[in-house]
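Right, one structure below, let's go through it.
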Amino acid sequence: MTSDELDIHTREPAKERIAPSSAFVEQANIRDSSLYDTFEREWPTVWNRAAEHVHWDSPYDHVFDEQTREWFVGGELNAAVNCLDRHLDEQKNQRALVWEGLFDEQRTFTYLELTREVEAFAAALRELGVEEGDVVTLHMPMVPELPIAMLACARIGAVHSVVYVGFSADSLTTRMAESGSELLVTCDGYYQRGGAVSLKNKTDRACLGLEWDVTTVVVDRLGEAYEYALGPNDFDYKTLREDHYGTEVEPVARAATDTLFLIYTSGTTGKPKRVTQTTGGYLSYVTWTSHATLDLKPSDTYWCTADIGWITGHSYLVYGPLSIGATVVLHEGRPEYPSKTRLWEVIERNAVDILYTSPSTIRTLMKRGESYIDEYDTSSLRLLGTVGEPINPRVWRWYYEAVGNGECPVVDTWWQTETGGHLITTLPGVTDMKPGAAGPPLPGISASVVDASGESVDPGEGGYLVIDKPWPGMPQELVDSTRWASQEGGLPNTDGWQYVTEDGALVDEDGYVTILGRVDDVIKVSGYRFGSMELESAIVAVEGVAEAAVVTGTHDGHERGLYAYVCLEDTYERTKRIRKAIHESIERVVGPFARPDAIIFTPELPKTSSGKIVRRVLTDLANGNDLGDTSSLRNPEIVGELESITREN
Ligand code: PRX
């Protein structure tokens, strides 16, 4: 398959092979390479092994129901009990959560203390009328009250829907409306790059956009720095906590197939895509993968730098590591802020064993150089993980050598909001690493790379990455619809169930998967996921804009960024005012984190003869790549002009 058909660039499969150090292997949770065969031979009953990591109130009747495609049917459990109560016998005085605030504040919660906090808030939610199955929206920065509220919902069988704090009021309204949520937990505001940002005004506006009244609970994060008045439907978190502290809240036994949470992500349409996770399958899967790929043990101190507002924070900051019983570091801001040495400081102070972060964070740290690391003791590290985007082999090397001292395995974990947990990555005590390739599919995961007609491609050739068998972490949407994510009915030639991931990939002779990037209109930049449609419709909403196309690029040699190519109506001229209006519209419709890095005005966009925008040409321009043959465009003459306009920007 050519890269033109895939609409992305292909690359060489990873070549180098690195074995994990014997010191790591000796202590690894998984050392047995026959696990791959066992999972293949004994699928699906072998997934018992994941469920065994979880405490069940009632055992399940079937591991997997082939008819309904549901996992652990008949079983009952409670996710909060798994993350808290079950650790109390042996670990009640161990730290569950260490919060590292921006201004050198630390708050720690032992497993017992965290359980009490969760019970207090669960009792408060009940008093506010929340019942099993109700959707509670959480729109909060990285404060301890966020995981507390998530687990409080789980305890009483309410469904949480965390909406990333950077989203706009409009985005919050849309998500609350879609889920029918009548209760919101938020903060007065939060600190961002040192300044205080108010949140209360935004959430008030969001609630006004709903057709029903919303009860809001407000956590006071800014203290005296920001005064606000509570409205008639607003409650102060601290007061509720004080009123209910000490109340025992009996956990609600939930069916394995009951919803644990909703999370919205970006799809190819302008509308947010809802992902619904089940209690039994999801919890088993994230606990299992925390054990298998992150090598987590209850004695570990573990730091995942992702924001809880995204799936990585749900699966590998809250549910997976707390279910294992580890000590979890929760860092308030970005790991590169407030100081250049912040990440190393936090690792040293907490003697972090396992670090899980993104390639964009690693790139930022790499640019700063090793001298900053050398000042700190990072020898506690045992395993390094990465997620969210492809990691370039040079950056992988730096992570492995400069951060891990050549001794810590690096797990490059490929997965998505839709998959709930890791699907493709090495088992760190078993499988060799290949820098640049995520790894083979995990045991029990069946992945292949196919062409547009659904046939498998040869090793080394690019194609569509598809998952051929269900796994316990799959969301409810995949139970109902076999080809949920794919455009126009998915790929032909498929017998039975298949999930089309919308990523391009290649597989090498050894079965290692190299991810090439998205093949749909979803774009990833700095770990954020956007639908190009949602950004483009926000731009086109600006008066005077005729058409727009948003792609990612690195043309200026800096970090990957969002490039918006914009055509104006004939009577409009490019002005500062239009540029500002575009930024404002994106901030209003999506949120400030979606601001384009470059807005490039052009008289036309490159189009096919049928009038479809050819994004590949724009992506190549934004990355300074060779454009190849563009003669089949309807308007090939625009390409030269676009080249010089992009260069000028
Ligand atoms: O393109 C893949 C990329 O991130 C997409 C999923 O984004 P999101 O749903 O926001 O979830 C991110 C955290 C799981 C994928 O379709 N991606 C994720 N992990 C990797 C990756 N690309 C390459 N290598 C990875 N390890």
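Order of appearance sets the numbers: ligands from 1, and atoms from 1 within every ligand. Here the structure is a predicted model, which means the values were calculated and not measured.
Under the salt bridge (Lys or Arg N to Asp or Glu O under 4.0 Å) criterion, Asp510 pairs with Arg17, Lys434, not counting sequence neighbours. For Glu407, there are no salt bridge (Lys or Arg N to Asp or Glu O under 4.0 Å) partners, not counting sequence neighbours. In this view, Arg49 satisfies the salt bridge (Lys or Arg N to Asp or Glu O under 4.0 Å) rule with no residue, not counting sequence neighbours.
Residues lining ligand 1 at a heavy-atom distance below 4.0 Å are given as Thr312, Val387, Gly388, Glu389, Pro390, Asp412, Thr413, Trp414, Trp415, Gln416, Thr417, Asp503, Ile515, Arg518, Lys524, Arg529, ordered by chain and residue number.
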Check the pair Trp288 / Tyr282 against ring-ring contact (aromatic ring centres under 6.0 Å, His included), numbers first and verdict last.
-> CA-CA 10 Å; Trp288 159 250; Tyr282 172 83; over 10 Å; no
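Here the options are Phe261, Trp415, Tyr319, the test is ring-ring contact (aromatic ring centres under 6.0 Å, His included), and the partner is His314; only Phe261 passes.
In this structure, the separation between OH on Tyr464 and OG on Ser453 is 10.0 Å, given to the nearest 0.5 Å.
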